Amino acid sequence: MTTKADTEPPKGRPKDPRVDAALLDAAIEVLNESGWAAFTTTAVARRAGASTASLYRRWPSKQALAGAVARHIALDELGGIGTGSLEGDIRELLARKRRILETATGPALLSLMGQAPHDPELRQILHDDVYLVVRDQLEALTAQAVRSGELDGPVDAARLDVLTLVLVGATLARSVFLAPGPATTPTAARATTSSAAETELQLLLAALPRRGAADG
């Protein structure tokens, strides 16, 4: 049974953004609850109260839908950073990355990342919709730092690639290998996360050609 919002509009009219949002929210919920193995277009459409036909008009496969989820998470959380300083911008970027993984979107993104090595289509989608989004954001922040005089010059492409991998990978790896034990208190977990984030920030800043950093 389809909902009123799921009724197909006349040809040529734009799709209802409310249905898009409902499908993306449902996709995140299904991934969080069941992981990639149970992530099907049927399950997502049913959770959203929409039809699979409505879903397929937007995304041709479950991999494409997963990519839309990843891009939605990345763009929604990482855009619009502008604290006025390079250190502040990167600190905010790291804080938003942590927020992604600590909220309801975290398990969904981890599930997609874990499946990507086994699914070439999904891997390419995540490259385009997560890796390149983060890289573009980092490139924009460093370009602004060059204009403001905080960096001596543009960051070369190879360094941007590595720094992007650090930004994407460090928190993901920590969530897998260094997850808090059952006896860890919330206060202790927050302190550990804060310390790791500060270390990551300093490593990233040290890798950038900051003005005066090589003096003396």
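A quick note: this is a predicted structure, and the numbers were derived from the prediction, not measured. Heavy-atom basis, side chains included; hydrogens, waters and symmetry copies ignored.
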Practice problem: Test L201 against every option in L204, L203, T199, L205 by the side-chain contact (heavy atoms from CB on, under 4.5 Å) rule and name the one that passes. | Solution: L205

Using a 3.5 Å distance criterion without hydrogens, assess whether the side chain of [X] forms a donor-acceptor pair with backbone atoms of [Y].
X	Y	result
R159	A207	yes
S111	W36	yes
T142	L138	yes
R135	A157	yes
S148	A145	yes
E92	I81	no

Quiz item: Do S54 and R58 touch side chain to side chain, with heavy atoms closer than 4.5 Å?
Solution: yes

Measuring from atom [atom1] of [X] to atom [atom2] of [Y], what distance do you get when rounded to the nearest 0.5 angstrom?
X	Y	atom1	atom2	result
I28	R47	CD1	CZ	12.0 Å
T105	H72	OG1	NE2	8.5 Å
Q202	I90	CD	CD1	10.0 Å
L167	L94	CG	CG	6.0 Å
Q137	L75	CD	CG	9.5 Å

Can you hop from [X] to [Y] via hydrophobic side chains spaced under 4.5 Å?
X	Y	result
F39	Y56	yes
V69	L55	yes
V30	L126	yes
V133	L109	no
L132	I73	no

Self-check item: D136: partners by side-chain hydrogen bond (donor to acceptor under 3.5 Å, both in side chains), with sequence neighbours left out
Solution: none

Practice problem: Please list, chain by chain and in numerical order, all residues satisfying side-chain hydrogen bond (donor to acceptor under 3.5 Å, both in side chains) with R91, sequence neighbours excluded. | Solution: E87, E198

Between [X] and [Y], do the side chains contain an N or O donor and an N or O acceptor separated by less than 3.5 Å?
X	Y	value
R46	T42	no
Q144	D89	no
E121	S61	yes
Y131	T164	no

Please give me the minimum heavy-atom distance between [X] and [Y], naming the atom from each residue.
X	Y	result
E200	V166	OE2-O, 3.6 Å
V44	L23	CG1-O, 3.6 Å
A66	L122	CB-CD1, 3.8 Å
A68	W59	CB-NE1, 3.3 Å
V130	M113	CG1-CE, 3.7 Å
A43	A38	CB-O, 4.2 Å

Quiz item: For R123 and D119, what are the C-alpha separation, side-chain angles and deciding distance, and is it a side-chain contact (heavy atoms from CB on, under 4.5 Å)?
Solution: CA-CA 6 Å; R123 182 170 63 243; D119 189 322; over 6 Å; no

Exercise. Just do the side-chain contact (heavy atoms from CB on, under 4.5 Å) check on L112 and I125 with the steps written out, would you?
Key: CA-CA 10 Å; L112 296 179; I125 288 171; over 6 Å; no

